Amino acid sequence: MKFNLFKLLVLIVLFSSNFSNAQTRTQWSSDGFVKIENGSSGLNSNIESGDIFGQDHDQIGDVNGDGVIDIVVGSRTADDGGTNNGAVHILFMNNDGTVQSNQKISMLEGGFTGTLTTGNNFGYGVAGIGDYDNDGIPDIAVAAPLVTPTLYIIHLNADGTVKSHVRNDNVNCIGITAVGDLNNDGRIDVVACDPSSDLDGNNIGAIRILFFDATSNIIQAETKLINPSNGGFGTGLAPGDQFGGREVAMLGDMDNDGTIEMAVGAFRSDGGKGAIWILSLDSTTLDVVSKLKITEGLNGFSETLSAATNPNGSDGAQFGHALSNVGDLNGDGIPDLMTGANQQSNGYILYLNADKSVKTFVRINNDESGFGLSLDANERFSRSISFVGDLRGDGTIAVNYGGGAGGSAGGTVYLLFFKPCTLSQEPGFNHWDGGNTLYSNWTHSTQTVSDSLTFEQCTFKAFETNAPNMTYNFNDGRCICKDSTATLTVSTELSTAFVNECAGGELSTSTNDLSPDEAGIKVFPNPTRARVNVSVSNTLFADTGDVSVYNLMGELLQTSTISGPQTSIDLSAYPTGIYLVRTNISGVRSTSKVIKE
């Protein structure tokens with residue numbers, strides 16, 4: 001079944017829930033990552049050191065028709081056919097985030113018949129744009145911004161090679177973002193980011209909203225330019241701000257007032273610290289009706305951003321370099337935003353308010369968020385970010401983070417998985433007492449909080465430490481995470497006790513597990529309304545084995561002993577939905593997804 005990019009906004013909404021019941025709160029937490037670079041995780045291509053693989057990327061839908069979302073990744077300084085001509089890679093993905101196969105598109109490979117010149121940097125920006133030529137196969141947009149600025153629309157074959165291409169000349173864009181069908185003509189529209197634009201001053205920057213006709217050519221008369229003197233933006237930018245960044249994020253109508261919100265980075269503003277502008281656009285004219293700037297100490301963003309000189313000679317953290325709408329990750333009904341300060345190798349989840357300000361944020365780096373990353377000091381993690389969606393098909397979401405810092409592998413993309421976790425609130429004012437403390441910002445002897453946390457930040461501490469019990473005080477921001485030996489005790493200080501439903505579970509998302517076919521396991525019927533049978537091949541069957549059922553939150557629902565070639569499991573008591581059936585036979589593990597009707 002083809003993945004339809006026109007359904008992207010619907011997909012994001014599916015990940016968004018308004019958990020108004022005070023007894024449970026759902027947060028999205030870390031659930032592992034896959035590091036994709038040449039020679040690892042299934043990627044085998046002629047990528048060389050310095051190709052900057054991963055500086056930009058995007059999901060493009062299901063190109064080869066196998067039911068799995070595929071990805072395009074740029075390598076802007078690949079030397080195919082000339083120095084820094086550039087290239088792009090189509091990655092055909094497996095559900096677990098590894099690469100099944102790949103196809104390179106350049107002057108030398110993939111059927112591309114265009115002519116690139118030395119230093120064109122083909123692949124500087126890439127975007128999935130849906131099916132432009134109506135052949136049932138998704139297509140891509142690729143920027144080649146240097147020397148002769150060009151934006152290519154590339155119509156793909158199912159094997160990732162080029163069916164045909166359309167060259168749009170004189171398009172200044174370092175980065176490009178697919179933003180949905182704004183003019184309702186059946187084609188995905190694109191924002192071209194031009195942070196080096198000098199129209200209103202040296203490197204002030206600009207963005208252009210581009211619309212395409214049935215021949216994949218830009219409709220010049222409908223192009224919408226937004227910079228200080230065009231599109232209603234007005235004041236606020238200064239020379240050198242590089243407004244436009246590398247990509248924008250369309251957030252939709254955040255406050256239900258009829259305008260549509262778009263986040264745009266200005267990553268060199270404020271002395272290089274960087275900023276994000278959230279623009280409210282008139283839904284018809286796309287003029288800026290209002291705007292709000294987010295940077296250090298402004299509009300709810302309390303982070304300290306670096307202004308120091310970087311190893312590459314630039315200044316500052318470069319906050320807002322990359323942006324991605326990832327849906328509502330804290331269940332408050334407002335879309336949230338992922339961004340980064342790539343010169344500090346920090347990614348961020350910005351939890352937004354309806355008025356466009358920042359409610360709170362969490363960091364994604366080596367030490368925080370629970371992914372267990374091991375980033376190099378100069379890797380520039382979060383230089384590019386793109387939303388992938390439910391790659392696994394199990395209710396988790398995947399987000400790509402790239403750096404493209406080079407190295408022996410030529411660049412890296414990190415595919416991060418996030419899973420929904422329920423935090424069940426104990427009734428009344430209680431706290432977890434005794435047991436072992438896994439994290440605490442509270443000093444009991446002095447009755448002080450060392451570093452006040454928001455609720456979202458506290459939940460990530462629980463996720464990072466795999467703590468089953470969490471105490472949070474909404475008045476002073478104290479956060480205490482305990483192990484399972486803690487006991488529930490009445491709080492005299494109005495704290496609230498939560499149970500982290502994701503903690504301590506046995507469910508693993510390790511890519512080392514065998515597939516059901518490899519393990520000789522069959523689970524049927526699927527879908528089912530009541531029972532499923534787990535059939536084990538005679539060659540793998542052993543006396544010691546068990547089968548367990550989990551929901552998508554990672555909660556263990558039941559376990560049965562495997563005592564023969566076939567074991568029956570009753571799912572009739574569970575609500576309709578997707579369940580994970582895991583077998584463990586003599587240390588050989590396998591997981592199957594089962595649909596309960």
Side-chain angles (χ1 to χ4, degrees), residues 35-38 43 45 47-60 71-80 83-91 102 104-106 116 119-128 140-146 149-152 173-178 191-196 242 244-249 265 267-268 274 310-312 314 318-324 338-347 375-376 378-388 399-416:
K35 184 178 182 180
I36 301 173
E37 60 185 12
N38 198 33
L43 177 61
S45 185
I47 300 171
E48 299 177 346
S49 175
D51 279 3
I52 316 186
F53 170 84
Q55 180 163 300
D56 199 21
H57 39 76
D58 198 12
Q59 65 97 337
I60 52 177
I71 295 171
V72 59
V73 182
S75 291
R76 69 178 180 89
T77 52
D79 294 332
D80 289 34
T83 303
N84 294 343
N85 275 6
V88 298
H89 303 261
I90 307 298
L91 306 187
N102 51 273
K104 190 176 187 180
I105 298 173
S106 70
L116 301 173
N120 255 179
N121 280 235
F122 177 76
Y124 207 128
V126 295
I140 58 174
V142 181
L146 304 184
T150 307
L151 179 63
Y152 291 91
C173 61
I174 294 295
I176 47 181
T177 304
V191 170
C193 301
D194 185 12
S196 300
Q242 298 212 17
R246 294 297 187 260
E247 54 214 11
V248 305
F267 64 95
R268 290 287 183 90
N310 302 308
N312 66 353
S314 66
Q318 298 189 16
F319 172 72
H321 191 279
L323 304 166
S324 182
M338 283 197 189
T339 186
N342 71 84
Q343 292 288 0
Q344 293 181 204
S345 281
N346 273 340
L375 302 169
D376 295 335
N378 299 322
E379 194 160 350
R380 297 187 67 181
F381 177 73
S382 76
R383 196 178 186 183
S384 54
I385 307 172
S386 62
F387 179 82
V388 178
V399 180
N400 272 327
Y401 272 71
S408 59
T412 304
V413 171
Y414 294 86
L415 187 62
L416 308 185

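Only heavy atoms go into these numbers, but all of them, side chains included; no hydrogens, no water, no symmetry mates. All residue numbers refer to positions in the sequence shown, counting from 1. Fair warning: this is a prediction, and the values are worked out from it, not measured in the lab.
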Nearest-0.5 Å distance that lies between atom OG in S384 and atom CG in N342: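 Output value for this atom pair is 9.0 Å.
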Have a look at I71 and tell me which of V413, N400, I90 forms a side-chain contact (heavy atoms from CB on, under 4.5 Å) with it.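 That would be N400; it is the only one of V413, N400, I90 passing the side-chain contact (heavy atoms from CB on, under 4.5 Å) with I71.
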Is a side-chain N or O of N346 found less than 3.5 angstrom from the main chain of A341, in a donor-acceptor match?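 Checked: no pair found.
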Can you say whether the rings of F122 and Y152 are parallel (under 30°), tilted (30 to 60°) or perpendicular (over 60°)?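 The rings of F122 and Y152 stand perpendicular, inter-plane angle above 60°.
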Nearest-0.5 Å distance, CG of residue L323 to OG1 of residue T339: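 It comes to 4.5 Å.
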R76 pairs by side chain to side chain donor-acceptor pair (under 3.5 Å) with which of N85, D51, N121?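 Of N85, D51, N121, side chain to side chain donor-acceptor pair (under 3.5 Å) with R76 is met by N121 alone.
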State the OG-NE2 distance between S382 and H321, to the nearest 0.5 angstrom.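 The NE2 atom of H321 is 9.0 Å from OG of S382, to the nearest 0.5 Å.
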State which residue, out of R383, Q344, Q343, Q242, fulfils the side-chain contact (heavy atoms from CB on, under 4.5 Å) condition with Q318.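 Single pass found, and it is Q343.
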Rounded distance [0.5 Å steps], CG in N38 versus NE2 in H89: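 It comes to 8.0 Å.
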Determine whether a donor-acceptor pair (N or O, by modelled atom type, separation under 3.5 Å) exists between the side chain of N120 and the backbone of L146.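 Looks like yes, one N/O pair under 3.5 Å.
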Does any N or O in the side chain of E247 come within less than 3.5 Å of the main-chain N or O of I385, such that one atom is a donor and the other an acceptor?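 Checking the backbone N and O of I385 against the side chain of E247, a donor-acceptor pair under 3.5 Å is found.
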As an exercise, state the distance from CG of D80 to CG of L116, rounded to the nearest 0.5 Å.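 Taking CG in D80 and CG in L116, the distance rounds to 9.5 Å.
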Does any N or O in the side chain of D58 come within less than 3.5 Å of the main-chain N or O of G128, such that one atom is a donor and the other an acceptor?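 Yes, because the side chain of D58 sits within donor-acceptor range (under 3.5 Å) of the backbone of G128.
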To the nearest 0.5 Å, tell me how far I52 CD1 sits from T77 OG1.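 Going from CD1 on I52 over to OG1 on T77, the span is 3.5 Å.
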Assess the residue pair M338 and Y401 against the criterion (side-chain contact (heavy atoms from CB on, under 4.5 Å)); give the C-alpha distance rounded to whole Å, side-chain angles, the decisive distance to 0.1 Å, and a yes or no. CA-CA 10 Å; M338 283 197 189; Y401 272 71; 3.3 Å; yes
Answer whether the closest heavy-atom distance between the side chains of N84 and D79 falls below 4.5 Å.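 N84 vs D79: side chains touch.
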